[in-house]
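Structure first, then comments.
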Amino acid sequence: MAPDGGRRFVILSWPQRDFSVTKAELVSILAKTAGGSRASADRAFAAFVTSVRESLRQGLPVTISGFGTFVVARRATRNGRHPRNGTAITIPGARVPKFRASRALKIAVR
């Protein structure tokens, strides 16, 4: 979490410098880059996130050519310890989202 308490994520290879941005800042950047309004950029970003979320909820991978693939993976049931009292517990298996970067993205980051 960022020092200001907002959720932040990193935009890679942005012109002039790398930096992290909030969702509101990203929407502003998208609007400026695409030449549209903030409202339309916000709707487009929200539609993208919703589409990815719903596809993953259905177990379908989402591939963005040149960027990567969002997939759903299974996490197996495992044994663990309760953090407060140290007793053994069973942690149930779960479906978790994962991201696999494309070859092009990996090369761009190097």
Suppose we screen for side chain to side chain contact (heavy atoms under 4.5 Å, CB included). Which residues come up paired with A101, at least two apart in sequence or across chains?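 Listed in chain order: F99, L105, K106.
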**Prompt:** Are V96 and V71 grouped together when hydrophobic residues (ILVMFWY) are joined by side-chain heavy atoms under 4.5 angstrom apart?
**Reply:**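 No, it is not one cluster - the side chains of V96 and V71 are not joined through contacts under 4.5 Å.
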query: Are F67 and L60 in one and the same hydrophobic cluster, where Ile, Leu, Val, Met, Phe, Trp and Tyr link if side-chain heavy atoms are under 4.5 Å apart?
result: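 Different clusters.
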Inter-residue atom distance [X].[atom1] - [Y].[atom2], 0.5 Å rounding:
{"X": "R78", "Y": "I91", "atom1": "CZ", "atom2": "CD1", "answer": "4.5 Å"}
{"X": "N79", "Y": "I89", "atom1": "CG", "atom2": "CD1", "answer": "9.0 Å"}
{"X": "T50", "Y": "R57", "atom1": "OG1", "atom2": "CZ", "answer": "9.5 Å"}

> Can you find a heavy atom in the side chain of K23 that is under 4.5 Å from one in the side chain of D42?
Replying inline: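 Yes. Closest side-chain heavy atoms under 4.5 Å.
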> Considering only heavy atoms from C-beta outward, does the side chain of I64 approach that of F48 to under 4.5 Å?
Replying inline: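 The answer is yes; the side chains approach within 4.5 Å.
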If you look at every heavy atom in [X] and [Y], which pair is closest and at what distance?
{"X": "A31", "Y": "S37", "value": "CB-O, 3.5 Å"}
{"X": "F70", "Y": "L56", "value": "O-CD2, 3.6 Å"}
{"X": "G86", "Y": "R81", "value": "O-NH1, 3.0 Å"}
{"X": "V62", "Y": "S55", "value": "CG2-CB, 3.5 Å"}
{"X": "G93", "Y": "T77", "value": "N-OG1, 3.1 Å"}
{"X": "V27", "Y": "R38", "value": "CG1-O, 3.5 Å"}

ask   = Does CZ belonging to R95 count more than 12 external heavy atoms closer than 6.0 Å?
value =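 Counting neighbours around CZ of R95, more than 12 heavy atoms of other residues, nucleotides or ligands fall under 6.0 Å, so yes.
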Next item on the list: Using the test salt bridge (charged side-chain N to carboxylate O under 4.0 Å, His left out), find all partners of R100 that sit at least two apart in sequence or belong to another chain.
Entry: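 Result, salt bridge (charged side-chain N to carboxylate O under 4.0 Å, His left out) vs R100: none returned.
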